Amino acid sequence: MKRVLVIEDNESNRYMIRCLLEQNGFEIVEAVTGEGGVEAAARERFDLIIMDIQLPDINGLEATRRIRQSSGDGDVPIIAVTSYAMTGDKTRAFDAGCTAYIEKPIEPDKFIKHVKKYIKLNKKGTQP
Ligand code: MN
């Protein structure tokens with residue numbers, strides 16, 4: 001089963017993402033802070049990370065940089081999630097090392113399409 005790490009501080013967004021991913025057969029692990037997410041990514045192997053940009057401690061960009069620099073799986077695909085109003089976030093997300101970018105509010109079909117598209121890019125994710 002493909003494993004997804006969801007780093008998101010907002011409970012209702014987290015709930016929605018969890019439901020969508022579980023309905024589509026993914027196993028999920030959640031983190032509610034940037035630091036917590038970085039720790040989880042270093043500790044366990046994931047096939048994809050969903051990264052909220054606005055987090056209570058370090059933001060999603062910093063968390064992405066740390067994951068990319070970590071000794072864990074620095075190649076894991078990371079999809080940044082941020083609000084529509086934050087213009088410039090897209091460029092910043094790619095600069096920080098995000099693989100893809102989606103805007104809130106999350107559209108279920110679009111969200112799952114992105115997940116399925118990018119999760120496959122991780123060759124390591126195909127290992128048991
Ligand atoms: Mn947030």
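Remember, it's 1-based here, ligands and their atoms both numbered in the order they're listed. In this text the structure is predicted, and so the values were computed from the model without any measurement.
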(request) Could you tell me whether the Mn ion (ligand 1) has an N, O or S atom of Glu8 under 2.8 Å away? (result) no

(message) Restricting to N/O/S atoms, is Gln54 within less than 2.8 Å of the Mn ion (ligand 1) or not?
(response) yes

(message) Check Glu35 with Arg66, please: is the shortest side-chain N to carboxylate O separation under 4.0 Å?
(response) yes

(message) Treating Asp52 as the side-chain partner and Ile7 as the backbone partner, does any N or O pair qualify as donor plus acceptor under 3.5 Å?
(response) no

(request) Could you please compute the angle at the Mn ion (ligand 1) from OD2 of Asp52 to OD1 of Asp9, rounded to 10°? (result) 90°

(message) Leu21 vs Phe111, test: side chain to side chain contact (heavy atoms under 4.5 Å, CB included). Steps then yes/no.
(response) CA-CA 9 Å; Leu21 291 174; Phe111 178 78; 4.0 Å; yes

(message) When you compare the side chain of Arg18 with that of Val6, does any pair of heavy atoms fall below 4.5 Å?
(response) no

